[in-house]
Amino acid sequence: MKGKEAIFDLRDVSKVYCMKGVETHALRGVDLKVSRGEYAAIVGPSGSGKSTQGKFFLEGRDVSEMDDNELARVRREKVGFIFQSYNLVPGLTAVENVALPMRFAGFGRGEAQRRAVELLKKVGLGERLDHKPSEMSGGEEQRVAVARSLVNDPDVIMGDEPTGNLDSRTGVEIMELIEDLHKKTGKTVIIVTHDLKLAKRAPRQIRMLDGKVASS
Amino acid sequence: MLDIALRELSSHKMRTALTAVGIFIAITAIVSLGSISAGVSELVTSSTSAIGSDTIFVMKAFDMSQMSGPPSSGSMTVTDLTSDELETIRSIAGVKRAVPVISRQMGGFTEVDGIDMDEVDIFGAKDIEFKEGNWPDNGNREAALGYVAANMFGVAVGDYISLNEKEVEVVGIFEEGSGAYDLVVLIPYDAADDIYEAGGGATQVMVEPQDVSAVDDIKDTIEEELDGVDAMTMKDALTMMQDMTLTLNVMTYGIGFVASLVAAIGIIITMYTSVLERRRQIGIMKATGALGRAIMKQVMEEALILSVASSVLGVVTSLFMVEIINEVLLGGTRLAVVTPWLAAGAVGYGVMLTLLAALYPSWVAVKVDPIRAIREG
């Protein structure tokens, strides 16, 4: 890993978030590097919130110096997110859901939908193109989410408990799908999970404890 | 991305429909009520332009408040000028001719006008086209009817109508669309004098000066010579008509404006609710790379679709409403009209109002924090 270009570079990052007046220290002075093309699993609690201290570099750029629009652009073009609860837009079909981030990036309906269909076929949903989320199983919904994360050809696939809502067999299927993408495209994959068994699938495990990196 | 906005609207049909109803009602109210204003304005313009600009109207002074009240059927009592007063007017220097007119109100904006048939040109009636028949002859109990008046009586040429319980033969019916003459029953002056026992007097006297420049002098002289008499130049008449039209406009558009404010508040409430309900979805869109702009655009596009559709529907509905207003409220006249300007203006106003009302909800949508929205659901 050393000598390779770092796609993520966190230096002494702390994150505190307040909920109902209770301060939670999600991160306390974390240093972490993830290289391009790496497959890593982060095990432990994940935090969220506003007040971030320290430096977070994405491809050498300080994230804290980006404005909202730049952040949105980064989320759109550099990182593909897969969430625990799929987070598809309920009113839209599989194709429209996958095409949406591309539409936001300014592509036309036709082009975005063509690419969406192609990606949905790749994740094995060629038969479910025009189904809405409510008409699909959890596994199918997560496959749509995987296809969506790829639509803008990002450098990084970020999975936040991507199998958390799935039964173990379907979960393994989704992980195999993501790992297959990693092998074929060389994209950086970061999976956040509390499931050790799942984390062990990755060549590198980053263990978090009390807001600090315990081992990586 | 109008297609996405359209999908969003159609996936919440009830909410969309309720929002649309608010806009729809406001636009229907504006166009339906506005059509009366538009029609009256047109009528005023057409009837005043037909009469010579140097004509002076003379009538007994009356309370202006009677004019702005509803046209109650025939109950508006205007005192006639006497035959002596008529002679006084005729004797004033510079008067070329003074034509007496006996006018009596009937229901539904219609009125009977008695005028010397050789002098109808001063009435601006010379160029009226006849649908059938011809002018009545002086000395006979004959009448020429406007299109609406004929409809109201349900008569054709050769039929008789009853005026002040006296039979009058219909000898002519004007072509439809003759402006104010649609509403008139025109009879010879002497017949009117006889029927209404006016004693050679006149409801109004139309005075034509020998010289246009003498109009104001003659007007002043008439008011000095005769007590309790109003003389009005065409310019005064126009001003008065314009004042009346303005009052009517303020009333009708005022109601429409209030209705539209209520609609705007309705839009703000429903769209705000819709944004709150979709917090999670908006969060997803942001997390997948939608800029604040794109979120704002989406909400505004929904408002645009909603407002265009319901405003157009409102205009179409008011076309039917105007038919009902004309038939039921205005006694079969074609007074209320939806002009192209009114229709286009109402749609433009509806769209603008909705977009303004949607600004706050869309700003709320822009401010959604994607991480919190997704975590908290």
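Protein chains get the first letters and strands the later ones, always in sequence-line order, with residue 1 at the start of each.
- Residues A:Pro90 and B:Arg280 have side chains not in contact (no heavy-atom distance under 4.5 Å, counting atoms from C-beta outward).
- For the pair A:Asn87/B:Gln281, no side-chain contact is recorded, criterion being any heavy-atom separation below 4.5 Å from C-beta on.
- Side-chain contact check for A:Arg109 versus B:Leu2: every heavy-atom pair is 4.5 Å or farther apart.
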side-chain hydrogen bond (donor to acceptor under 3.5 Å, both in side chains) between B:Thr288 and A:Arg103: does it pass, once the steps are laid out?
-> CA-CA 10 Å; B:Thr288 57; A:Arg103 299 290 302 276; over 6 Å; no
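- Contacts of A:Lys78 with chain B are absent, with no heavy-atom separation under 4.5 Å from either backbone or side chain.
- Contacts with chain A (heavy atom to heavy atom, under 4.5 Å) involve these residues of residues 293-307 of chain B, listed by number: B:Arg293, B:Ala294.
- The main-chain N or O of A:Leu92 is never found under 3.5 Å from a side-chain atom of B:Arg7 such that the two would form a donor-acceptor pair.
- Both the backbone and the side chain of B:Leu291 come within less than 4.5 Å of a heavy atom of chain A.
- Heavy atoms closer than 4.5 Å to chain B are found in the side chain of A:Glu96, but not in its backbone.
- At a 4.5 Å heavy-atom cutoff, A:Ser149 makes no contact with chain B through either its backbone or its side chain.
- Scanning residues 13-34 of chain B against chain A with a 4.5 Å heavy-atom cutoff picks out nothing at all.
- Across A:Leu88 and B:Ile284, no two heavy atoms sit closer than the pair O-CD1, 3.8 Å.
- When every heavy atom of B:Ala287 is checked against every heavy atom of A:Phe83, the shortest pair comes out as CB-CZ, 3.7 Å.
- The environment of B:Tyr253 atom OH is dense: over 12 non-hydrogen atoms of other residues, nucleotides or ligands sit within 6.0 angstrom.
- Of the listed residues (A:Gly80, A:Pro101, A:Ala105, A:Pro154), the greatest number of heavy-atom pairs within a distance under 4.5 Å of chain B belongs to A:Pro101.
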